[in-house]
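So the structure is just underneath, and the comments pick up after that.
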Amino acid sequence: MTAILRDLLRSHAEFRIGTALIAIVLLLSLLASFSPYSPQEVYVVPPDVPPALTYWFGTTSRGQDVFWQLTFALRNTLLFGCTVALISRLLALMVGLLSGYKGGWIDRALMSVNDTFIVIPLLPILVLFYFVMRDRMSWLLLALIMACLGWAYDARLIRSAAMSLRAREFTQSSLFSGMSTREILVQEHLPYVLPIVFSTTMNNMVWSIGLEVTLAVLGFTDINTPTIGGMIYWANQHTAMVAGVWWWIAFPTIAIIMTFIGLFLLAVSMNDYIDPRSRLGSLGGAP
């Protein structure tokens with residue numbers, strides 16, 4: 001994996017730009033640990049102060065420093081995306097690898113479940129969960145629900161790679177040497193699908209963060225936990241743009257755009273890296 005990252009940094013400008021953008025976002029999120037204010041406290045600073053040397057990003061109508069609120073919001077938003085991506089990647093790997101390797105009735109059964117999750121309309125389901133569990137809907141619970149709904153597309157992609165690996169000679173050699181199914185999948189097949197997992201992780205984070213921001217702006221999440229969507233929600237509740245407090249919306253919007261672009265560029269560069277046609281083209285072997 002280290003060699004892959006080194007190749008990407010050396011040969012893909014998109015990967016370098018994406019890494020730089022995500023590094024900036026991560027740095028801002030890490031600064032949350034040094035905040036002089038609690039993220040839930042209000043009216044700790046003068047409200048509606050424009051950006052200046054004292055308050056770099058200005059203050060909100062709720063008397064909160066936008067800069068420090070943004071650090072908490074970025075940290076929670078990134079943790080949300082990582083949680084959804086990690087859990088959904090584990091589900092996609094288990095289903096995709098097992099289905100592609102075993103084939104037969106196991107493949108048909110797993111893909112039937114997989115296709116059911118693909119056709120589920122996600123946004124209405126998440127809104128329904130919110131209204132049913134409004135008093136108990138937390139940041140972590142929403143992440144778990146989204147992870148359980150967001151693995152199916154990538155499981156099919158991993159399955160296709162596993163079906164190709166099943167026909168390779170090293171798989172047959174491993175089977176004849178007495179390796180179990182778990183050992184073959186983990187030791188032999190998993191290293192080959194890790195680039196796909198990395199690429200789909202970036203895509204899944206973009207999807208989950210975007211959906212969380214959408215739900216938060218509409219008020220369908222735990223708005224008391226600072227996130228990018230939660231900041232925009234409170235700005236809309238206080239009619240920030242009408243009141244001229246543009247920085248309350250501008251800086252969270254810029255931060256989430258940087259996050260989306262960074263993750264998108266990382267995913268695009270990784271897709272380009274694992275695509276054999278593009279790799280042949282970069283070596284001068286494409287027709």
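Sequence positions, counted from 1, serve as the residue numbers for this chain. Side-chain atoms are counted along with the backbone in the values below, which use heavy atoms only and exclude waters and symmetry mates.
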If a pair satisfies side-chain hydrogen bond (donor to acceptor under 3.5 Å, both in side chains) and one of its residues is in residues 37-48, list it, with sequence neighbours excluded.
-> D48-S61
Is there side-chain contact between I209 and L263, with heavy atoms separated by less than 4.5 Å?
-> yes
Would you say T116's side chain and S112's backbone share a donor-acceptor pair under 3.5 angstrom?
-> yes
In Å and rounded to the nearest 0.5 Å, what is the CD to CZ distance from Q187 to R182?
-> 7.5 Å
Just wondering, do L211 and M146 contact through their side chains at under 4.5 Å, heavy atoms?
-> yes
What distance do I158 atom CD1 and L97 atom CG have between them, rounded to the nearest 0.5 Å?
-> 6.0 Å
Indicate yes or no for a side-chain donor-acceptor contact from T201 to the backbone of A85 under 3.5 Å, with no hydrogens or angles considered.
-> no
Rounding to 0.5 Å, atoms CG (L266) and OG1 (T19) come to a distance of 5.0 Å
Hey, what's the ring geometry for F251 with F57, parallel, tilted or perpendicular (30° and 60° as the breaks)?
-> parallel
Is L27 reachable from M205 through a run of I, L, V, M, F, W or Y residues, each pair having side-chain heavy atoms under 4.5 Å apart?
-> no
All heavy atoms of T253 vs all of I249, minimum pair found to be OG1-O, 2.7 Å
Are any non-hydrogen side-chain atoms of L185 and T181 less than 4.5 angstrom apart?
-> yes
If Ile, Leu, Val, Met, Phe, Trp and Tyr residues are connected whenever their side-chain heavy atoms lie under 4.5 Å apart, and connections chain through other members, are L79 and L90 in the same group?
-> no
Check Y55 against D65 and note the closest heavy-atom contact, atom names and distance.
-> CD2-OD2, 3.2 Å
Before giving the answer on side chain to side chain contact (heavy atoms under 4.5 Å, CB included), spell out for T227 and V213 the whole-Å C-alpha distance, their side-chain angles and the decisive distance to 0.1 Å.
-> CA-CA 8 Å; T227 62; V213 169; over 6 Å; no
Residues L165, E188; criterion side chain to side chain contact (heavy atoms under 4.5 Å, CB included); working and verdict | CA-CA 9 Å; L165 292 170; E188 303 295 332; over 6 Å; no
Look at the side-chain heavy atoms of Ile, Leu, Val, Met, Phe, Trp and Tyr, link any pair under 4.5 Å apart, and say whether L141 and V84 land in one connected group.
-> yes
Heavy-atom closest pair (G150 atom, W207 atom, distance to 0.1 Å) is CA-CH2, 3.7 Å
Within a strict 4.5 Å, meaning less than it, do heavy atoms of the R75 and S33 side chains meet?
-> yes
Should the pair Y130 and F220 be assigned to parallel (<30°), tilted (30 to 60°) or perpendicular (>60°) ring geometry?
-> tilted
Once you round to the nearest 0.5 Å, how far does OG of S208 lie from CG of L122?
-> 11.5 Å
Side chain of S35, backbone of A32: donor and acceptor closer than 3.5 Å?
-> no
Do side-chain atoms of T171 reach the backbone of A167 as a donor and acceptor pair under 3.5 angstrom?
-> no
Given W234 and Q64, is the side chain to side chain contact (heavy atoms under 4.5 Å, CB included) satisfied, shown in steps?
-> CA-CA 11 Å; W234 285 113; Q64 295 172 311; over 6 Å; no
Flag the pair T77 / T259 as yes when at least one side-chain heavy-atom distance between them is below 4.5 Å, and no otherwise.
-> no
Note, L215 side chain near V127 side chain (heavy atom, < 4.5 Å) = yes
Parallel, tilted or perpendicular: ring planes of Y101 versus H189, cut at 30 and 60 degrees | perpendicular
Would you check if the distance from the ring center of F117 to the ring center of Y153 is below 6.0 Å?
-> no
How close do A143 and T83 get, heavy atom to heavy atom, and via which atoms?
-> CB-CG2, 4.0 Å
From T225 atom OG1 to L142 atom CG, the distance as rounded to the nearest 0.5 Å = 10.5 Å
Any chance the side chains of S99 and D107 put a donor and an acceptor closer than 3.5 Å?
-> yes
Do side-chain atoms of W247 reach the backbone of T59 as a donor and acceptor pair under 3.5 angstrom?
-> yes
What are the two closest heavy atoms between A255 and L74, and how far apart are they?
-> CB-CD2, 4.0 Å
Do D154 and V197 have side chains that get closer than 4.5 Å, going by heavy atoms?
-> no
When rounded to the nearest 0.5 angstrom, what is the spacing between CH2 in W151 and CD1 in I118?
-> 8.0 Å
Might you work through the side chain to side chain contact (heavy atoms under 4.5 Å, CB included) test for L265 and R16, ending with a clear yes or no?
-> CA-CA 9 Å; L265 290 176; R16 292 194 296 270; over 6 Å; no
Does a side-chain heavy-atom distance below 4.5 Å link M231 with P226?
-> no
What are the two closest non-hydrogen atoms of G210 and F260, and how far apart are they?
-> CA-CZ, 3.6 Å
